[in-house]
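Written out below as structure tokens is the structure these notes cover.
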Amino acid sequence: MKAIIVGGGIGGLTTALMLRARGIDCELFEQSDTIRELGVGINTLPHAIRELAGLGLLDRLDAAAIRTDELYYLNRHGQEVWREPRGLGAGHDVPQFSVHRGRLQGVIHRAVEERLGAGAIHTGCRLGAFAQHEGAVIAHFFDRTGAHVKTAQGDVLVGADGIHSRVREMLFPDEGPPCWNGLMLWRGARDWPAFLTGNSMIVAGGLHAKVVVYPIAEGSSPASRLTNWAVLVKVGENNATPPRREDWSRLGKREELMPHVDRFKVPYVDVRGLIAATPEFYEYPCCDRDPLPYWTWGRVTLLGDAAHPMYPVGSNGASQAILDARALADSLAHAEHPRQALLAYEQKRLPMTADIVRSNRRGGPEGVIDAVEQLAPDGFTDIEKVLSHAQREAIVRGYASKAGFAAPMLGLAAVRA
């Protein structure tokens with residue numbers, strides 16, 4: 001058995017490790033000339049960390065990330081809507097990590113090079129075409145000038161090439177561009193004094209305007225952390241054309257961002273000071289795609305953002321890609337035929353991820369803030385008179401169950417490399 005993986009992001013790299021752990025050969029092709037550590041901060045949830053821990057990466061993640069131990073949901077006035085422990089404190093057997101996206105990718109990338117060898121990763125290779133027959137799938141790759149550079153043959157081809165997936169485009173040529181809901185996201189990170197426990201995460205404001213703050217690494221002193229911040233504001237209409245292509249490395253403009261920052265009051269941390277002191281930050285139009293009717297065509301399937309790009313709500317983008325990788329590797333290891341394996345993988349993962357995509361459009365677990373702000377737009381004196389604890393819990397816990405990180409649902413045994 002051999003797999004061709006298209007895309008060198010978190011999903012594609014994790015798939016390579018999962019396949020290696022099951023004795024399945026693979027080659028990975030990335031269109032960029034190098035696998036760059038892009039992005040700013042993300043959260044990876046316990047159900048995904050459990051899979052990476054099973055691959056022997058927990059100590060490396062601890063060295064690169066922060067173990068998030070509590071989460072605050074606030075309204076835009078800074079009043080507490082919901083608070084809960086996270087990771088080990090919530091009863092999971094593995095942590096929740098807040099980490100720089102590039103550092104997480106780097107940890108997985110280095111493990112792939114160590115275990116598969118650097119020759120298993122090919123950069124500067126853009127998928128141009130593939131063909132499949134009864135016995136194999138053949139893929140042709142080209143460089144940025146259009147010159148043919150590689151031809152690969154395998155039993156399956158996995159499109160893990162992101163929201164602008166070439167594989168998805170070839171399977172669904174009439175789909176069109178991603179969907180933009182009018183939300184613009186600005187993100188940055190800065191060494192800053194630690195707040196609350198030093199491992200706390202704050203989300204303030206609802207889906208149409210929010211600010212998120214959490215540490216992603218140790219700081220320059222014991223009293224500081226590399227602190228990630230994000231501001232998400234609705235600046236356009238639903239289904240409009242994004243003002244700029246989604247790009248993790250596009251620099252933001254301070255004059256566009258700062259007027260929005262004054263909409264929030266956040267206790268515990270000087271958010272305005274943090275953002276003003278960040279020399280460079282990035283912008284990203286929040287886009288997703290409608291769930292697909294299927295991911296698999298013969299020996300070809302999709303994974304991660306190529307299969308189910310979703311709004312950055314509920315800390316689920318990278319986490320779901322990691323879960324995809326586990327499910328796909330299990331299916332390939334246990335099925336009698338590659339086609340059967342890809343269909344079994346799709347049947348397991350497509351319905352759940354489609355639900356998450358739709359839920360994230362409604363705000364995901366952070367929808368509890370929207371519910372409170374809708375009922376009490378000017379704030380409140382008693383949260384229980386606005387929305388009871390049971391009602392708030394139903395919103396937050398319902399999403400955790402849907403996304404698969406409620407503690408009772410963590411039942412898969414890890415497969416070690």
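What you are looking at is a predicted structure, and each value in this text was computed from that prediction instead of being measured.
- Here the side chains of Arg190 and Thr227 are not in contact, with every heavy-atom distance at 4.5 Å or above.
- Remark: the backbone N or O of Arg349 is paired with a side-chain donor or acceptor of Thr353 at under 3.5 angstrom.
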Start with the C-alpha gap between Thr296 and Val300, add the side-chain angles, then the distance that decides, and say whether side-chain contact (heavy atoms from CB on, under 4.5 Å) holds. CA-CA 6 Å; Thr296 299; Val300 179; over 6 Å; no
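- Contact check for Leu342 versus Leu328: side-chain heavy atoms found under the 4.5 Å cut-off.
- Judged by distance alone, with hydrogens and angles left aside, the side-chain atoms of Thr44 form a donor-acceptor pair with the main-chain N or O of Phe97 at under 3.5 Å.
- To the nearest 0.5 angstrom, Glu169 atom CD is 10.0 Å from Leu127 atom CG.
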Check step by step if side-chain contact (heavy atoms from CB on, under 4.5 Å) holds for Ser98 and Asn228. CA-CA 9 Å; Ser98 296; Asn228 181 84; over 6 Å; no
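- Glu80 places no side-chain N or O within 3.5 Å of a backbone atom of Trp82 that could act as its donor or acceptor partner.
- In this structure Asp25 satisfies the side chain to side chain donor-acceptor pair (under 3.5 Å) test with no other residue, sequence neighbours excluded.
- Applying the ring-ring contact (aromatic ring centres under 6.0 Å, His included) test to residues at least two apart or on different chains, the pairs with a partner in residues 285-304 are Phe172-Tyr294, Trp295-His308, Trp295-Tyr345.
- Applying the side chain to side chain contact (heavy atoms under 4.5 Å, CB included) test to Arg263 and every residue at least two apart in sequence or in another chain returns Ala209, Val233, His260.
- Atom CG of Asp324 and atom OG of Ser319 lie 11.0 Å apart (nearest 0.5 Å).
- For the atom pair Leu52 CG and Leu58 CG, the distance stands at 9.0 Å (nearest 0.5 Å).
- With salt bridges taken as basic N to acidic carboxylate O contacts below 4.0 Å, none links Lys253 and Glu283.
- Comment: Arg225 does not engage Asp191 in a salt bridge, judged by the lack of any side-chain N to carboxylate O separation of less than 4.0 angstrom.
- Counting only distance, with no hydrogens or angles, the side chain of Ser165 and the backbone of Asp161 share no donor-acceptor pair below 3.5 Å.
- Side-chain atoms of Ser224 come within 3.5 Å of backbone atoms of Ser220 as a donor-acceptor pair (strictly under, hydrogens ignored).
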Could you go through the side-chain contact (heavy atoms from CB on, under 4.5 Å) check for Val167 and Leu157 one step at a time? CA-CA 9 Å; Val167 180; Leu157 185 147; 4.0 Å; yes
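- Scanning both residues, Val94 and Ile49, for their nearest heavy atoms gives CB-CG2, 4.1 Å.
- Counting heavy atoms from C-beta outward, Val99 and Leu61 have side chains that stay 4.5 Å or more apart.
- Take Phe142 and apply the ring pair (Phe, Tyr, Trp, His ring centres under 6.0 Å) test, not counting sequence neighbours, and it matches His148.
- By the 4.0 Å N-to-carboxylate-O rule, Glu384 lies close enough to Arg392 to be salt-bridged with it.
- Nearest heavy-atom pair across Pro309 and Val357 is O-CG2, 3.9 Å.
- Note that CD1 of Ile42 and OH of Tyr214 are 7.5 Å apart. Values are rounded to the nearest 0.5 Å.
- Taking the charged nitrogens against the carboxylate oxygens, Glu346 and Arg339 have no contact shorter than 4.0 Å, which rules out a salt bridge.
- Gln391 contributes a side-chain N or O that, together with a main-chain N or O of Ser388, makes up a donor-acceptor pair within less than 3.5 Å.
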Give the intermediate values and the outcome of side-chain contact (heavy atoms from CB on, under 4.5 Å) for residues Leu183 and Val235. CA-CA 6 Å; Leu183 290 172; Val235 298; over 6 Å; no
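- Partners of Phe29 according to the ring pair (Phe, Tyr, Trp, His ring centres under 6.0 Å) rule, which considers only residues two or more places apart in sequence or in another chain, are His122, Phe141.
- For Glu27, the salt bridge (Lys or Arg N to Asp or Glu O under 4.0 Å) partners two or more places apart in sequence, or in a different chain, are Lys2.
- Minimum interatomic distance between Gly159 and Ala306 (heavy atoms only, all atoms of both residues): O-CB, 3.3 Å.
- In this structure Asp69 satisfies the side chain to side chain donor-acceptor pair (under 3.5 Å) test together with Thr197, sequence neighbours excluded.
- Minimum interatomic distance between Arg20 and Arg115 (heavy atoms only, all atoms of both residues): NE-O, 3.3 Å.
- A donor-acceptor contact closer than 3.5 angstrom links the side chains of Gln96 and Arg86.
- Residues meeting the salt bridge (Lys or Arg N to Asp or Glu O under 4.0 Å) test with Glu70, sequence neighbours left out: none.
- At a cut-off of 3.5 Å, with distance as the only test, no side-chain donor of Gln31 or Arg166 sits close to an acceptor on the other residue.
- Atom CG of Leu116 is separated from atom CG of Leu17 by 7.0 Å, given to the nearest 0.5 angstrom.
- What you find for Ala129 and Met170 is that their closest heavy atoms are CA-CE, 3.5 Å.
- Partners of Ala217 by side chain to side chain contact (heavy atoms under 4.5 Å, CB included), not counting sequence neighbours, listed by chain and number: Arg103, Leu226.
- Taking the six-membered ring for Trp, Phe281 and Trp229 have ring centres closer than 6.0 Å.
- Of all heavy-atom pairs between Cys286 and Leu232, the closest is SG-CD1, 3.3 Å.
- Only one option out of Ile121, Thr15, Leu28 pairs with Val112 in a side chain to side chain contact (heavy atoms under 4.5 Å, CB included); it is Ile121.
- Taking 4.0 Å as the cut-off between side-chain N and carboxylate O, Glu84 and Arg397 count as a salt-bridged pair.
- The salt bridge (charged side-chain N to carboxylate O under 4.0 Å, His left out) analysis of residues 126-155, with sequence neighbours excluded, yields the pairs Asp33-Arg144.
- Among Val271, Asp270, Ile275, the one residue that satisfies the side chain to side chain contact (heavy atoms under 4.5 Å, CB included) test with Val213 is Val271.
- A donor-acceptor distance shorter than 3.5 angstrom exists from the side chain of Arg187 to the backbone of Gly41, with no hydrogens or angles considered.
- Other residues, nucleotides and ligands place no more than 12 heavy atoms under 6.0 Å from the CD atom of Gln374.
- Between the side chain of Arg168 and the main chain of Asp305, no donor-acceptor pair closer than 3.5 Å is present.
- Distance check, rounded to the nearest 0.5 Å: CE of Met184 to OH of Tyr284 gives 11.0 Å.
- When the ring pair (Phe, Tyr, Trp, His ring centres under 6.0 Å) test is applied to Tyr72, the partners found at least two apart in sequence or on another chain are Tyr268.
- One finds a salt bridge joining Arg22 and Asp330 here, because a Lys/Arg side-chain nitrogen approaches an Asp/Glu carboxylate oxygen to under 4.0 Å.
- Between the side chain of Arg83 and the backbone N or O of Leu71 there is no donor-acceptor pair closer than 3.5 Å.
- When the ring pair (Phe, Tyr, Trp, His ring centres under 6.0 Å) test is applied to His133, no partner is found at least two apart in sequence or on another chain.
- Between Arg110 and Glu113 there is no salt bridge, since none of the side-chain N atoms of the basic residue sits less than 4.0 Å from a carboxylate O of the acidic one.
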